[in-house]
Structure formats: C-alpha cells, structure tokens
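Working notes, structure below.
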Amino acid sequence: MKTILSGIKPSGSLTLGNYIGAIKQFVQLQQHMDDAIFYLFVADLHAITVEQKKSDLLTAIRQVAGMYLAAGLDPAKTVLFIQSEIPQHAELGYLLQCNTYMGELERMTQYKDKNRKQDTSLTSALFTYPALMAADILLYDADYVPVGDDQKQHLELARDIAIRMNHRYGDCFKVPEPIIPEVGARIMDLQNPGKKMSKSDESDKGYVSLFDDEATIIKKIKSAVTDSIGIVQFDPVHQPGVSNLLTIYATLTELSIQDICAKYESKGYKEFKEDLAHIVASTLKPLKARYDAITSSSELDRILDEGREIASAYAQKKLRKIKQKIGLGRKK
Ligand code: ATP
Ligand code: LTN
C-alpha cells in the first residue's frame with residue numbers, strides 16, 4: 001500500500017490556488033488510487049513562523065480541516081490530523097536540522113524572496129522551516145507528496161536529507177517523490193499575474209477565497225488584470241493574466257486550454273471573464289455548503305481525534321527507531 005502525504009498551512013483564508021494546486025489534486029488522486037492511504041494534515045506549526053492572531057489561527061485551523069473533507073476526501077481512506085497534536089513532528093524536525101546545512105536552507109527561494117525584502121520580522125523558524133517540512137513527510141514514510149509548484153524545492157531538500165541520513169545511519173527513511181499537477185500547479189495573483197496567488201497577501205483583490213460570496217467572486221474575476229492584445233490565447237510571457245484565467249478555466253471544467261481558446265476565438269475578454277466568473281462561483285457554492293454542514297456537526301472533531309490516534313502511533317514508533325539509529329538515549 002502506498003502512502004500519500006500533504007499539508008496545508010492555516011495562515012489565512014484558503015484560496016482558489018490552494019484548491020486547484022493542492023486540494024483538488026488530493027481528491028483526484030484518492031479517486032484513482034485504490035490502494036493508498038492519505039495522511040493529510042493542517043500545518044499549524046508552519047503557520048506560526050509568522051505572527052498569527054490567536055483567534056484567527058484557531059478559525060483557520062478548522063477551516064483547513066473542514067475544507068479537506070468538503071472537497072470530497074474520503075475519511076475512510078484518510079488520516080486527517082493537526083500537526084501540533086503530534087509532538088514527534090517538532091522533535092524529528094530538530095534531528096533533521098542537525099543533518100541540514102545552512103547553505104541548503106539559504107538556497108531556498110521562498111526564504112530568499114522573504115529575506116530580500118529586508119523584513120526585520122523574519123524568524124529563525126522561517127529559515128529552518130524546510131527541515132520541519134521534511135520531518136512532516138519522512139515521519140510517515142510517505143511515497144508521494146502532492147504539492148503545488150512552489151514546494152518543489154522544499155521537497156528536493158527533503159529527499160536530500162533522507163538520502164544523507166540513510167547513508168549516515170543506515171536505512172532510516174523512504175525517499176519521497178513529489179506529485180505536481182501538469183496544469184494548475186501555480187495559479188497566479190489576479191491583480192499581479194507575475195506572482196503566485198497567496199492567501200497571506202495584504203490585499204484580498206488578487207485572490208479568490210474559497211469563502212468569498214458569489215458577488216465577490218464575480219467582481220474579482222471580472223476585474224482580473226489582462227492586457228490590450230484582446231485575443232484569448234495561452235501565452236504566459238506576453239499575456240500572463242489571460243493565461244492564468246485560462247488555466248483556472250481548464251482545471252475547473254476539465255476542458256483543454258486549446259478547446260477553451262477555440263470557444264472564445266472571435267469573442268473578447270468580457271464574455272470569457274463573465275463565463276469564468278460563473279464557473280468559479282458554481283464550483284465554490286457546493287463546496288461551501290458541504291463545508292458548512294461538516295463544520296456545524298461533531299463529525300469533524302471525531303475524524304480529527306481518530307486521525308490523531310493513527311498518526312500518533314505511527315509517528316511514535318518511527319521516531320523511536322530514528323533515535324536508536326542515531327545513538328540517542330540508552331537503548332541500542
Ligand atoms: P501562503 O500563500 O500563505 O504563503 P500557501 O498557500 O503557499 O501559503 P499552503 O497553504 O501550505 O501555503 O499551501 C498548501 C498547498 O497549496 C501547497 O501544496 C502549495 O503548493 C499549494 N498552493 C499554494 N498556493 C498555490 C497557487 N497559487 N497555485 C497552486 N498551488 C498553490
Ligand atoms: N510547506 C508547505 C506546507 C507543508 C507541506 C508539508 C506540504 C508543510 N509540511 C509536508 C507537503 C508536505 C507550504 O508552505 N505550502
């Protein structure tokens with residue numbers, strides 16, 4: 001049986017980028033892989049690498065957990081849990097930090113981007129965060145890790161750490177493989193298609209939140225930045241805005257980008273955007289309805305309790321084995 005693992009940070013309101021790049025992918029994988037167990041978690045320890053308001057954090061944790069289920073993940077095949085409820089993540093994270101070089105962490109583009117802005121609130125945990133992410137993955141012997149494009153480099157580091165520790169201490173970890181979607185791995189900001197759509201953005205105009213109401217969704221899509229070329233075609237270099245909208249359209253309808261371009265060949269951006277706005281709104285409406293039903297029942301807590309028990313048993317055993325391999329404690 002294969003183990004598929006992924007996590008989402010509760011660091012704001014989930015976006016259409018999270019849905020297309022990650023959540024939708026998890027559901028599709030689950031439908032296509034009969035013989036697989038999914039470890040999916042709320043990466044709350046990662047969220048606090050930047051300051052979070054307590055009440056917002058608690059809400060966001062529940063939102064991520066609820067959205068996994070609302071999107072259609074089958075609780076019978078999923079171990080759903082909250083990262084901070086399994087202390088072995090942080091402990092293994094430390095052991096992996098001891099096997100990760102400063103130079104490797106300094107090369108991470110996500111860190112470099114944040115550091116370039118000369119942000120004085122950058123924490124040391126933000127710097128070491130890829131080692132914690134590696135621990136999240138290696139702790140459960142994951143075979144596959146479905147993620148968006150922005151996490152590719154972190155995954156390569158997780159693989160390097162696993163290989164290094166296997167070499168140093170003998171067989172410790174399975175070396176995980178990333179799964180990155182061919183279309184939709186990087187949904188861009190609606191106002192600035194040069195950067196990825198991000199839930200921790202100061203302005204909410206560039207992203208569609210999975211919790212936005214219909215009118216807001218329509219307004220945001222209609223006011224997405226395009227260009228003056230006026231032709232609906234896929235050209236991320238010269239038409240990044242339109243190409244991004246085409247990607248969203250294709251992933252939500254399962255139509256090919258080519259077919260969508262043909263459909264709007266002699267039409268302008270207005271009709272294309274209006275249609276897309278309705279496609280997004282009608283995708284999110286039932287999602288939100290299922291989310292409301294799940295979070296207003298005691299079902300979510302029951303599933304999270306069950307997930308914590310299963311994840312905890314696996315994580316305890318795995319960490320004990322790694323500590324023995326390294327030579328910590330008294331037991332051989
Ligand atoms: P932030 O925007 O606050 O930095 P994030 O959304 O990038 O956070 P997570 O919530 O942990 O970070 O991301 C969860 C998953 O969603 C990851 O697999 C990530 O690659 C994917 N993802 C995030 N943003 C996008 C995007 N714009 N397009 C495609 N996938 C995305
Ligand atoms: N770092 C990821 C979230 C994340 C994750 C993980 C994804 C934390 N741990 C383990 C996959 C596997 C992010 O910021 N998007």
Side-chain angles (χ1 to χ4, degrees), residues 3-26 29 38-52 56-57 60-61 63-65 67-68 71 81-84 86 89-90 92-93 96 108-111 113-114 125-126 128-140 142-159 161-162 176-190 192-204 206-210 244 247-248 251-252 311:
T3 299
I4 319 260
L5 175 141
S6 202
I8 298 183
K9 278 185 299 188
S11 52
S13 190
L14 285 166
T15 70
L16 196 58
N18 296 128
Y19 179 70
I20 294 173
I23 303 173
K24 192 168 182 288
Q25 220 208 143
F26 305 158
L29 275 172
F38 281 65
Y39 278 76
L40 293 175
F41 64 95
V42 183
D44 55 350
L45 292 176
H46 289 279
I48 60 164
T49 52
V50 295
E51 193 177 346
Q52 303 287 343
D56 290 349
L57 181 60
I61 290 171
Q63 278 187 353
V64 172
M67 230 0 129
Y68 276 124
F81 64 99
I82 294 174
Q83 183 191 26
S84 66
I86 313 289
H89 286 246
L92 182 62
L96 300 197
M108 296 293 116
T109 47
Q110 203 172 56
Y111 167 75
D113 285 350
K114 297 214 158 110
L126 201 103
T128 56
Y129 135 108
L132 178 61
M133 176 163 164
D136 300 337
I137 299 167
L138 303 182
L139 191 54
Y140 299 97
D143 294 281
Y144 300 112
V145 184
V147 280
D149 186 62
D150 59 325
Q151 298 303 315
K152 210 163 140 186
Q153 200 187 23
H154 293 154
L155 237 110
E156 272 156 23
L157 179 63
R159 287 170 57 86
I161 299 172
E177 300 271 350
I179 302 185
I180 296 167
E182 268 170 41
V183 183
R186 182 176 283 260
I187 300 299
M188 308 309 274
D189 186 286
L190 298 175
N192 176 5
K195 69 187 248 320
K196 88 161 188 153
M197 183 181 280
S198 169
K199 63 172 133 63
S200 47
D201 233 13
E202 298 100 54
S203 154
D204 69 355
Y207 65 80
V208 171
S209 158
L210 300 186
N244 187 40
T247 303
I248 298 173
T251 52
L252 297 185

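Atoms within each ligand, like the ligands themselves, are counted from 1 in listed order.
Remark: ligand 1 atoms within the under-4.0 Å shell around heavy atoms of Arg186 are 28 (N), 29 (C). Taking every heavy atom of Val147 and a limit of under 4.0 angstrom, the matching atoms of ligand 1 come to 18 (O). For ligand 1, the atoms lying closer than 4.0 Å to a non-hydrogen atom of Gly184 are 29 (C). Close approach of ligand 1 to Gln151 (heavy-atom distance below 4.0 Å) involves ligand atoms 20 (O). Every atom of ligand 1 is numbered from 1 in the order shown, and the set under 4.0 Å from a heavy atom of Ser198 is 1 (P), 2 (O), 4 (O). Counting atoms of ligand 1 from 1 in the listed order, those under 4.0 Å from a heavy atom of Ala185 are 28 (N), 29 (C), 30 (N).
Ser200 OG, 2.7 Å is the protein heavy atom nearest to atom 3 (O) of ligand 1. Residue, atom and distance of the protein heavy atom nearest to atom 31 (C) of ligand 1 are Gly17 O, 3.5 Å. Protein heavy atom closest to atom 24 (N) of ligand 1, with residue, atom name and distance, is Lys196 NZ, 3.3 Å. Summary of contacts: the protein heavy atom closest to atom 11 (O) of ligand 1 is Lys9 N, 3.0 Å. Of all protein heavy atoms, the one closest to atom 20 (O) of ligand 1 is Asp150 OD1, 2.5 Å. Among all non-hydrogen protein atoms, the one lying nearest atom 28 (N) of ligand 1 is Ile187 N, 2.8 Å.
With a 4.0 Å heavy-atom cut-off, ligand 1 is reached by the side chain of Ala22 but not by its N, CA, C or O. Under 4.0 angstrom from ligand 1, the non-hydrogen atoms of Ile8 come from both its backbone and its side chain.
Between atom OG of residue Ser6 and atom CZ of residue Phe41 there is a gap of 7.0 Å, rounded to the nearest 0.5 Å. Here the straight-line distance linking atom NE2 of His154 with atom CG of Leu132 works out to 11.5 Å at 0.5 Å rounding. Atom CD1 of Ile187 sits about 4.0 Å away from atom CD1 of Ile20, to the nearest 0.5 Å.
Taking the six-membered ring for Trp, Phe38 and Tyr68 have ring centres at least 6.0 Å apart. Aromatic pair His89/Tyr140: centroids less than 6.0 angstrom apart.
For Lys152, the salt bridge (charged side-chain N to carboxylate O under 4.0 Å, His left out) criterion is met by no residue, not counting sequence neighbours. Every residue meeting the side chain to side chain donor-acceptor pair (under 3.5 Å) condition with Asp150, not counting sequence neighbours, appears here in chain and number order: Lys196. The salt bridge (charged side-chain N to carboxylate O under 4.0 Å, His left out) test applied to Asp44 returns no partner, not counting sequence neighbours.
The closest approach between a heavy atom of Ile20 and any atom of ligand 1 is not below 4.0 Å.
Annotation: Ser11 places an N or O atom under 3.5 Å from an N or O atom of ligand 1; distance criterion only. Some N or O of Lys199 is nearer than 3.5 Å to an N or O of ligand 1, by distance alone. For ligand 1, the polar-atom distance check finds an N/O of Gly148 within less than 3.5 Å of one of the ligand's N/O atoms. By the 3.5 Å distance cut-off applied to N or O atoms, Met188 is not counted among the residues near ligand 1.
Gln25 places no side-chain N or O within 3.5 Å of a backbone atom of Pro146 that could act as its donor or acceptor partner. Judged by distance alone, with hydrogens and angles left aside, the side-chain atoms of Lys24 form no donor-acceptor pair with the main-chain N or O of Leu252 at under 3.5 Å. Remark: the backbone N or O of Pro193 is not paired with any side-chain donor or acceptor of Asn244 at under 3.5 angstrom. Between the side chain of Asn18 and the backbone N or O of Thr15, at least one donor-acceptor pair lies under 3.5 Å. Arg159 contributes a side-chain N or O that, together with a main-chain N or O of Pro176, makes up a donor-acceptor pair within less than 3.5 Å.
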- So Ile8 and Ile23, side-chain contact (heavy atoms from CB on, under 4.5 Å) or not? Walk me through it. CA-CA 9 Å; Ile8 298 183; Ile23 303 173; 3.6 Å; yes

- Would you please test Glu177 and Asp143 for side-chain contact (heavy atoms from CB on, under 4.5 Å) and show each step? CA-CA 6 Å; Glu177 300 271 350; Asp143 294 281; over 6 Å; no

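Partner Met133 forms a side-chain contact (heavy atoms from CB on, under 4.5 Å) with one of Leu155, Thr128, Leu157 and no other, that one being Leu155.
Comparing heavy-atom distances from atom 14 (C) of ligand 1 across Asn18, Asp189, Thr15, Thr251 singles out Asn18 as nearest.
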Quick one: ligand 2 N/O to protein N/O pairs below 3.5 Å?
unit_1, atom_1, unit_2, atom_2, d
ligand 2, 1 (N), Tyr129, OH, 2.6
ligand 2, 1 (N), Gln151, OE1, 3.1
ligand 2, 9 (N), Asp136, OD2, 2.7
ligand 2, 14 (O), Tyr129, OH, 2.7
ligand 2, 14 (O), Gln151, NE2, 3.4
ligand 2, 15 (N), Gln151, NE2, 3.0

